[in-house]
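Lettering follows sequence order; numbering is per chain, from 1.
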Amino acid sequence: MNSSLSIEVSNLSKKYQLGTIGMTSLREEMTRWWEKKRNKEKSLELSTSTHFKKSRKIESRDFIALDNLNFSINNGEVVGIIGANGSGKSTLLKILSRITEPSVGTAKIRGKVASLLEVGTGFHPELTGRENIYINGAILGMTRKEVNQKFDEIVDFSGVENFIDTPVKRYSSGMTIRLGFAVAAHLEPDILIVDEVLAVGDAAFQKKCIGKMQNVAGSGRTVLFVSHNMNSVSSLCDRGILLKNGSIQKDDKINNVIDEYLSGITTYGSKIQFPKNERPSRDQIASLHSTRMVNKNEEDISSAECADQVGIEMIYEIIDDSNIPTPCFDICTTKDELLFMNIGDTENLPKKKGVYRVILWLPENLFNQGTYLFSVALVTLDGWKIHFYLKHALALEFYENLLKRKNAFEEKIDGLIKPMCEWDYHSL
Amino acid sequence: MKSIEKNKITIIKPSTGWLGFDFASIWQYRDLLFLLVKRDFVSAYKQTILGPAWFVLQPLFLTIIFTLIFGKFAQIPTEGLPPLLFYNSGLIIWSYFSSCFSGNASTFTTNAGTYQKVYYPRLINPLANCISGLLGFLIQLIFFIAYFLIYKFLLPISEPFTITWPVLLLPLLVILSSLLGLGLGLWMSVLTAKYRDFNQIIGFLVQGMMYLTPIIYPLSEIPDKYRFWISLNPMAPVVETFRFGLLSKGSFSPLHLLYSAIIALLILLSGMYLFKKTERRVVDYL
């Protein structure tokens with residue numbers, strides 16, 4: 001294993017047996033065992049095969065959770081693992097944290113691993129917060145000495161000082177979670193594996209957790225982070241791995257991976273390209289070749305941070321120059337509330353036959369969190385002749401980096417849009 | 001030390017065949033072992049009025065019940081010993097064994113929640129169980145000695161009894177009971193993890209085994225033709241020797257003890273093998 005690598009996964013697969021375990025499966029096991037005895041050669045085939053699909057031994061009652069994963073992670077990388085439910089994220093984390101073993105393949109891990117698949121694991125309700133800090137710390141792999149050194153910090157971070165000698169069963173669920181996270185946050189592993197734990201607790205505590213994770217990530221440790229919350233994934237991670245049905249669909253910079261993931265789950269796309277004979281046109285005066293959402297480098301995107309500049313690109317063709325078509329865009333919410341429309345400037349407007357590309361740049365810091373729908377049209381303003389109009393042609397998801405907010409409010413701010421405004425305080 | 005750990009590479013792959021136990025990693029988690037023992041001990045009698053007194057009261061009550069039922073009604077002879085001493089001596093070593101056995105039988109099912117979320121060597125739990133059982137045993141032994149002294153000097157009876165030299169084997173007897181209990185417990189934990197039916201069976205099994213052990217009767221009372229079968233029970237020589245050492249009644253046969261030790265080791269090693277095999281996959285079907 002190369003010394004700059006922290007994790008190296010090769011040909012990793014995991015299958016689960018479906019169905020209940022009981023007398024029927026005991027019988028099945030006997031049958032399997034018997035068959036295995038009889039067909040020793042065939043079962044050898046299974047163990048040498050690195051890829052399940054090639055093996056005929058796979059039975060319909062097996063479920064393949066991970067299918068031949070290969071990737072490696074460098075020391076100090078912060079990697080987000082994303083994917084829909086059932087895509088294999090949790091199985092992967094469980095294998096990397098040695099909770100279950102793979103069916104085929106290997107994973108090599110350098111250094112001490114701490115995995116937070118849950119906080120407060122092993123808390124005993126009858127014991128006090130103090131006693132549980134020690135046990136939980138030990139379960140997570142800390143020695144008593146390490147816990148002793150960090151005890152005050154842990155208690156301080158959890159904010160339950162006053163209840164530290166009270167049995168945990170008297171704690172509120174929030175307090176239990178805070179205490180659990182506090183212990184976990186003070187581990188000093190070489191590799192930290194985190195699953196969704198940030199989805200718990202109130203907003204203020206979540207922010208504290210993200211801050212803590214950013215410290216860990218910044219201190220040169222390798223972090224694997226699984227979450228459905230794209231805001232926290234994009235603010236924490238540099239790299240993303242998108243899993244789909246147990247395979248890696250994309251392994252790239254985090255924002256590209258998030259875009260791919262979001263474009264896969266929204267019914268609207270953020271890019272349309274029409275084949276030659278399907279180009280929309282009502283009157284053969286002008287037609288639409290393609291349209292897409294772009295970032296400021298004019299690259300494809302399917303999501304953007306509220307603070308990013310985004311544009312709508314349209315490539316259209318003037319077939320008959322008897323008209324002077326003008327591009328128009330309108331933008332509405334997913335509930336089809338029109339926010340505004342925009343009509344192309346006449347200055348530099350193409351008038352001759354030919355294929356043209358136009359981008360409408362939208363102001364930054366205008367959109368709120370959520371999805372917006374974009375319609376594209378080409379209209380000759382004189383007489384309002386519509387050459388084509390594609391309603392809701394594109395969708396774009398905006399997400400907000402909460403850490404960029406200038407106030408302590410943590411939730412989504414209501415409103416169709418969220419323009420950046422200036423505050424001017426004066427003392428009188 | 002730190003830098004060695006930092007560069008330690010863990011290889012995760014499907015396990016095949018016999019895998020030696022990773023005792024190094026158990027040593028690494030020794031603090032967890034210690035804390036779990038403490039937890040078992042501390043939490044056992046939380047929110048009780050009598051607290052740790054239950055460690056002593058529980059076997060005492062059982063001894064009294066045995067004295068009434070088997071001594072007074074059934075009139076099973078106790079080799080001339082005061083019934084309380086006779087039953088209590090058998091019970092304390094037996095209950096240590098049975099706590100190792102039945103306490104570990106549900107290792108995987110009780111700790112399922114933790115096992116699904118965190119990795120640590122699973123053998124830590126059964127080991128902690130055996131060690132915390134040992135503490136209870138020691139407390140009970142101290143109280144046994146107290147009863148012994150009361151009977152010996154305050155309530156003199158015709159039949160004399162005294163401590164004999166095989167009492168020196170006591171640590172060995174305790175280790176034997178714990179290894180045997182641990183081995184059987186590991187076997188059961190593997191079975192209960194997969195088939196919950198065994199949860200139902202374990203109670204009968206322990207109780208049945210108790211009646212096959214000379215606790216409520218002395219081995220000498222068993223007719224010769226059955227004695228061989230009773231002595232197949234590896235716990236029988238343990239209990240007999242324990243009683244012989246403490247009360248000079250019972251029997252002491254080194255050969256039988258050796259037999260027990262061999263059986264205990266066989267059960268323990270096979271149990272550990274099965275446990276090891278199970279622990280890596282068990283979360284998939286817990």
Side-chain angles (χ1 to χ4, degrees), chain A residues 1 3 8-9 12-17 20-23 25-26 29 47 94-122 124-127 131-132 134-147 167 190 195, chain B residues 2-17 19 22 25 28-48 111 113-122 124-125 128 191 193-197 277-286:
Chain A
M1 187 170 165
S3 66
E8 190 177 25
V9 167
L12 198 75
S13 297
K14 174 79 180 173
K15 70 173 183 191
Y16 284 105
Q17 277 168 30
T20 53
I21 292 189
M23 289 322 280
S25 71
L26 181 58
E29 253 167 61
S47 58
K94 277 187 175 174
I95 290 174
L96 293 179
S97 39
R98 299 176 69 192
I99 288 164
T100 184
E101 62 171 20
S103 309
V104 174
T106 53
K108 291 180 190 163
I109 288 182
R110 183 193 305 280
K112 196 170 162 189
V113 182
S115 65
L116 300 184
L117 304 194
E118 188 184 69
V119 294
T121 312
H124 194 293
E126 296 287 350
L127 299 182
E131 292 164 324
N132 270 312
Y134 281 93
I135 292 186
N136 190 232
I139 284 180
L140 294 171
M142 281 198 252
T143 61
R144 251 183 310 160
K145 214 172 111 194
E146 283 172 306
V147 182
D190 301 309
D195 187 9
Chain B
K2 192 85 191 164
S3 63
I4 295 169
E5 253 178 41
K6 205 176 172 69
N7 284 310
K8 195 187 157 204
I9 296 177
T10 312
I11 297 179
I12 300 166
K13 59 175 197 239
S15 52
T16 42
L19 277 165
D22 189 2
S25 69
Q28 234 177 3
Y29 279 88
R30 61 192 181 278
D31 281 341
L32 177 61
L33 181 64
F34 169 79
L35 286 164
L36 287 179
V37 170
K38 200 176 141 196
R39 181 189 78 177
D40 285 353
F41 203 72
V42 172
S43 67
Y45 296 104
K46 279 232 169 169
Q47 213 172 339
T48 58
N111 297 304
T114 313
Y115 287 1
Q116 274 157 344
K117 300 295 179 188
V118 188
Y119 170 79
Y120 58 87
R122 308 312 191 201
I124 292 274
N125 284 109
L191 293 171
K194 206 149 192 193
Y195 309 106
R196 299 293 141 84
D197 312 50
K277 237 180 112 150
T278 306
E279 71 169 6
R280 300 202 60 187
R281 282 277 174 93
V282 70
V283 291
D284 300 348
Y285 51 79
L286 267 178

From the list T143(A), L12(A), I139(A), the residue making the most non-hydrogen contacts under 4.5 Å with chain B is I139(A)
CG of D195(A) to CG of L116(A), rounded to nearest 0.5 Å, is 9.5 Å
Max heavy-atom pairs within cutoff under 4.5 Å with chain A, candidates I11(B), I124(B), D31(B), goes to D31(B)
> So, R196(B) side chain and A193(B) main chain: donor-acceptor pair closer than 3.5 Å or not?
Replying inline: yes
Next on the checklist: Would R39(B) and L127(A) count as a side-chain contact (heavy atoms from CB on, under 4.5 Å) here? Give the steps.
Outcome noted: CA-CA 8 Å; R39(B) 181 189 78 177; L127(A) 299 182; 3.2 Å; yes
Among R144(A), E126(A), E131(A), E8(A), the residue with the most heavy-atom pairs under 4.5 Å to chain B is R144(A)
So, the part of K94(A) with a heavy atom under 4.5 Å from chain B: the answer is side chain
Of L35(B), L33(B), T10(B), the largest count of non-hydrogen pairs under 4.5 angstrom with chain A goes to T10(B)
Residues passing the side chain to side chain contact (heavy atoms under 4.5 Å, CB included) test with N125(B), sequence neighbours excluded, are L36(B), T107(B), N111(B), Y115(B), Y120(B)
Does Y16(A) have K14(A) sitting over its ring (NZ/CZ under 6.0 Å from centre, angle to axis within 45°)? yes
